[in-house]
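Computed from heavy atoms alone, side chains included, the values below leave out hydrogens, waters and symmetry copies. In this text the structure is predicted, and so the values were computed from the model without any measurement.
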Amino acid sequence: YMLKVNRDGSTDVTETYKVKMSDTQMGLSSGIKTDWMYNQLIISNLTCDKGYAIQAYNSFEFGFRKLPPKLDQTITLKYKVKGAVLPDTAGARFQWRIYTPHSATIKSIRITFPDKAVPADTKILQIISGDETFQKYKEINSSIRGNEVTFIPGKLYSSITDISTSLPED
């Protein structure tokens, strides 16, 4: 999962899935709960390296135009987002939520900011969606190197990963 924040405030998103597909499965669905984000998102340039990609109300559907030749597949979904960088008192704030409605393992998430933007005050929380009050969460450690934030969520069980990073002005 890679997020590249651009100078104009847009974000290029790349999601790579390694999946074992059933013998009749042609694609995947990924939740993008736009109504659970901090701001209304505008999504464009949606593509999938294996064939098709469409945006439904709260999800992306993507995959093959014909049945794949083998069950183990790597599928990459790419899109551009506007609305994830918001004004803040001391500069800007990048805020993003990943909604995982089922069990999944995310090996790593990398967020790259423009060259001289140094992320500060980064908080990454995994919120358990099974808890209707959203009171159960755990903080996920991250590493910051220059203009890049990396973290490893690991195994997720029906949860929301909430990412918030300050981008102070120079």
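- Inter-residue side-chain proximity for T14 and L77 is flagged as unmet; no heavy-atom pair is nearer than 4.5 Å.
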### Task
Quick one: do I98 and I109 satisfy side chain to side chain contact (heavy atoms under 4.5 Å, CB included)? Show the steps, please.
CA-CA 10 Å; I98 301 168; I109 296 176; 3.2 Å; yes

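- Rounded to the nearest 0.5 Å, atoms CG (L167) and NZ (K116) are 15.5 Å apart.
- Heavy atoms from other residues, nucleotides or ligands lying under 6.0 Å from CD1 of I54 number more than 12.
- The CD atom of Q126 sits 12.0 Å away from the CD atom of E139 when rounded to the nearest 0.5 Å.
- The two residues V118 and G146 have their closest heavy-atom pair at CG1-O, 4.1 Å.
- Residues I140 and L125 have side chains not in contact (no heavy-atom distance under 4.5 Å, counting atoms from C-beta outward).
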### Message
Please determine whether side chain to side chain donor-acceptor pair (under 3.5 Å) holds for the pair Y79 and E15, giving the CA-CA distance in whole Å, both sets of side-chain angles, and the decisive distance to 0.1 Å.
### Response
CA-CA 9 Å; Y79 52 98; E15 300 179 19; 2.5 Å; yes

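- Contacts of F64 classified as ring pair (Phe, Tyr, Trp, His ring centres under 6.0 Å), with partners at least two apart in sequence or in another chain: none.
- In this structure, D121 CG and T165 OG1 are separated by 8.0 Å, a value rounded to the nearest 0.5 Å.
- Note: W96 CH2 to I124 CD1 = 14.0 Å, rounded to the nearest 0.5 Å.
- Distance check: F151 CZ to Y1 OH gives 9.0 Å after rounding to the nearest 0.5 Å.
- Side-chain contact between P114 and V5 is present, with at least one heavy-atom pair separated by less than 4.5 Å.
- Qualifying salt bridge (Lys or Arg N to Asp or Glu O under 4.0 Å) partners for E148, counting only residues two or more places apart in sequence or in other chains: R110.
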#### Entry: Trace of the side chain to side chain contact (heavy atoms under 4.5 Å, CB included) decision for N6 with D12
CA-CA 8 Å; N6 302 307; D12 295 323; 3.2 Å; yes

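- Of all heavy-atom pairs between A84 and L41, the closest is N-CD2, 3.9 Å.
- Atom NZ of K78 is surrounded by 12 or fewer heavy atoms from other residues, nucleotides or ligands within 6.0 Å.
- Here the CD1 atom belonging to I111 is positioned 14.0 Å from the NZ atom belonging to K4, to the nearest 0.5 angstrom.
- A donor-acceptor contact under 3.5 angstrom links the side chains of S164 and R93, judged on distance only.
- Under the 30°/60° scheme for interplanar angles, the aromatic rings of F113 and F94 are found to stand perpendicular.
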### Query
Could you walk me through whether D115 and R7 pass the side chain to side chain contact (heavy atoms under 4.5 Å, CB included) check?
CA-CA 9 Å; D115 289 339; R7 285 232 169 264; 4.2 Å; yes

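- At least one side-chain heavy atom of I75 sits under 4.5 Å from a side-chain heavy atom of L28.
- Here the rule is side chain to side chain donor-acceptor pair (under 3.5 Å) with D162, and of Q95, R97, K123 only R97 fits it.
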Can I get a per-line list of side-chain donor-acceptor pairs under 3.5 Å for residues 42-52, giving both atom names and the distance, sequence neighbours left out?
{"residue": "D49", "atom": "OD1", "partner": "T76", "partner atom": "N", "Å": "2.8"}
{"residue": "K50", "atom": "NZ", "partner": "T74", "partner atom": "O", "Å": "3.4"}

### Task
Report the C-alpha distance between S166 and D88 in whole Å, list the side-chain angles of each, state the deciding distance to 0.1 Å, and finish with yes or no for side chain to side chain contact (heavy atoms under 4.5 Å, CB included).
CA-CA 8 Å; S166 290; D88 197 18; 4.0 Å; yes

